[in-house]
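Here's the structure, in structure tokens; my notes come after.
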Protein chains: 4
Amino acid sequence: MSAARRGRPPAGPERRDALVSAAYERLAEAGFEGLRLRDVAAAAGIDHSTIHHHFATKQDLVVAVVDHTTRQFWSTTPPDGGPADRLRRHLATLGRKIAEQPELHVVLRELDLRARRDPELRTIIAAREEGWRDSLRTLLAAAAEAGALVTGVTPDTGAELIIATVKGASLTPDRALNVLELLERLLIRA
Amino acid sequence: MSAARRGRPPAGPERRDALVSAAYERLAEAGFEGLRLRDVAAAAGIDHSTIHHHFATKQDLVVAVVDHTTRQFWSTTPPDGGPADRLRRHLATLGRKIAEQPELHVVLRELDLRARRDPELRTIIAAREEGWRDSLRTLLAAAAEAGALVTGVTPDTGAELIIATVKGASLTPDRALNVLELLERLLIRA
Amino acid sequence: MSAARRGRPPAGPERRDALVSAAYERLAEAGFEGLRLRDVAAAAGIDHSTIHHHFATKQDLVVAVVDHTTRQFWSTTPPDGGPADRLRRHLATLGRKIAEQPELHVVLRELDLRARRDPELRTIIAAREEGWRDSLRTLLAAAAEAGALVTGVTPDTGAELIIATVKGASLTPDRALNVLELLERLLIRA
Amino acid sequence: MSAARRGRPPAGPERRDALVSAAYERLAEAGFEGLRLRDVAAAAGIDHSTIHHHFATKQDLVVAVVDHTTRQFWSTTPPDGGPADRLRRHLATLGRKIAEQPELHVVLRELDLRARRDPELRTIIAAREEGWRDSLRTLLAAAAEAGALVTGVTPDTGAELIIATVKGASLTPDRALNVLELLERLLIRA
DNA sequence: CATGAATGAGTATTCATTCAT
DNA sequence: AATGAATGAATACTCATTCAT
């Protein structure tokens, strides 16, 4: 009713989301280095000064993008099944997502680097990653108890290895699926 | 008369190297996002417009930094010994270097991301990485022939897994050593 | 229903006064240079776009502030008594007011300067000042007739001297009282 | 030889002075409220970004203007003669300068107000004014010793009265001369 | 009356690059 | 080679004002 009255200004609250999405896309295309509020506004179809009505500062928009991006990754996590199977599916899902949606993981790597110099982002990203790490540890502990894990792999280092490999694999998306398949075979007993 | 007046301005040709080193350090600290020619010049102790006598454009300096950085990484590669041992030493050396010299690997990740949008850097970096990949493949093929490799690992995917894990591990330097140790145990037969 | 919900939004007509007072205070604190409608609105506890329901333009609000401020100063004038005494009391009152309420006189000086570039303000302020000047002239003429004035002081130049000194003294509020006391002794016969 | 090579860019070091003069003039015309670096640059005939080559920030330029302006006022002070005469000449010179060069004194009043909110300017201006105050006190003390001063005027309050009156008189330049003449007659014994 | 969203002209500042010396 | 002055396009952010609700 109120949206798309004359076709140009979409509406009120969803405008904020449109800005975050546009910023996410610009970040994927151009990196932090090339992230310009003007481009974000243009992509969202609004005047660039209107951005500041929704986000006081560029950093505030970036924080919203971090939230949006890490949340999107989080939805990746698998539901249920046997521990070995769940781990298998988790890695397979990640491998597929990296191949299908490479920008998401590229942006996540961009955020990892930016977080080194930005305490605010560091806090948010560390919290989200900690959630992933915890769920991996739980999964690996269950798999170990079920005797499905290769000997010598503790839940702790196993989780770190998975995190590192997923992150590194996301830098070369077309090879990610194969890499994560091999990792899975190395971790889980035949 | 004016050169080496107080020992500060090194000279003519090594001035170029000083600029590359300064740019590398700025890149490690601030990322591409925060790389300013003025800062680089200041760190090298010269006027910022003098940079253009050594590098026509900022991109030229960046290319030189890429060369400098990837070369530094390359020097990391191990010399000789048995194939399993050489692989072990390679991963151990990398793990140690990441812990000791984290900025080098952070800069390399920065370059990986930048290369996605910059064909010139992509070419250089891909060529250097291809060298690393080749030597890993050779190493893994030798290890496989010696029966030292876990079954199911081909030289191709094994090399990809190592590359991915090393890259991902470099994003959390303090955990890198443990991660690479585990990878090594998973790849090499006891 | 929505008005006076929590006692904060006063009502309809007095809202206008609240805005003028808030603007006066902002002007005292930050000068014309730092006068922002948003700040004024925030200080009055309303949305900044609501200001435009009371004052079509910023200038309109400024005009209202000028009226408010000059009126406040006007109330300063003394009632009655003998001419010399009335003059004495006038200067003493001014000196005290400057010390007690320095912002009022600082704002008046701000207005004097602004009036140089703003014909609308100039007209208003000149009219108000003319009233003060007239009453000073009348007072001085009466004092002269009563023989209470030092020789050589005409009502005209005497009034100008008083006006100039009061204005200048208001720039250093803590010394104003002493300055005006001395002026009084110089003008009035012992 | 180097200046006015093609007529447009005047030269190097005097460019700084040209900017200060231009800023002073803009300040006189538009006040702090209307002081724009773009206008200053345009008045000096250079690109507005070039300003930052000479003054890192707007505040730095303002500080230079304060220095320039207060220095100009200072040069107003009279040389020598008998104490009463020197005081007479000082007030007469000030009265004439205010009438001839009203913008200078308007800018000085602008600075007085700005100094209330700007500690950096406050320090500079207070120091300069203290110099004026001191010289006035010395002058009045000499005049008092010579018996040329009206009874009841101490060097301290006399100096304050002069300062206040000069400041206030500068707000209405065409009446300043008369006001200061009257002040002189009130202070100095016939 | 009141609001929140939107606008657009404007504001200081940044920065790679050019040029004369 | 080196420098300092100059440039101009770009950059985040501001602010009075408008408009639909």
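Naming convention: chains lettered A, B, ... in sequence-line order (proteins, then strands); numbering from 1 in each chain.
In this structure, Leu19(B) atom CG and dA16(E) atom P are separated by 13 Å, rounded to whole Å. Rounded to an integer number of Å, the gap from His52(D) NE2 to dG8(F) C1' is 14 Å. For the pair Phe55(A) CZ and dC13(F) P, the computed distance is 13 Å after rounding to whole Å. Atom CD1 of Ile46(B) and atom C1' of dA2(F) are 8 Å apart (whole Å). Between the CG atom of Asp60(D) and the P atom of dT13(E) there is a distance of 9 Å, given to the nearest Å. Atom pair Arg16(D):CZ and dA5(F):C1' shows a separation of 14 Å (rounding to whole Å applied). Atoms CG (Asp47(B)) and C1' (dA20(E)) sit 14 Å apart, rounded to a whole Å. The interatomic distance linking His48(A) (NE2) with dA10(F) (C1') rounds to 11 Å, in whole Å.
The base-pairing partner of dT21(E), taking Watson-Crick or G-U wobble contacts with both distances under 3.5 Å, is dA2(F).
Partner Tyr24(A) forms a side chain to side chain donor-acceptor pair (under 3.5 Å) with one of Glu29(A), His68(A), Glu103(A) and no other, that one being Glu103(A). Checking Arg117(B), Arg109(B), Arg116(B) one by one against Glu110(A), the salt bridge (Lys or Arg N to Asp or Glu O under 4.0 Å) holds for a single residue, Arg117(B).
What you find for Thr70(D) and Leu108(D) is that their closest heavy atoms are CG2-CD2, 4.2 Å. Across all non-hydrogen atoms, the minimal contact from Ala115(C) to Ile125(C) is CB-CD1, 4.0 Å.
Contact annotation: Arg15(D) reaches the phosphate of dA6(F) (side-chain N/O to OP1 or OP2, under 4.0 Å).
The CG atom of Leu27(B) sits 12.0 Å away from atom CG of Asp39(B), with the distance rounded to the nearest 0.5 Å.
Residue contacts for Leu35(C): at a heavy-atom cut-off of 4.0 Å it reaches the sugar-phosphate backbone alone, with no base atom in range.
Between the side chain of Arg38(C) and the base of dA16(F) there is at least one donor-acceptor pair of N/O atoms closer than 3.5 Å.
For the pair Ala56(C) and His53(D), nearest-nucleotide mapping onto DNA chain F gives the more 5' position to His53(D). Heavy-atom nearest nucleotides on DNA chain E were determined for Lys58(B) and for Gln59(D), and the one closer to the 5' end corresponds to Gln59(D). For the pair Ser49(D) and Arg36(A), nearest-nucleotide mapping onto DNA chain F gives the more 5' position to Ser49(D).
dT21(F) and dC1(E) are spaced 22 Å apart, taking the P atom of each and rounding to whole Å.
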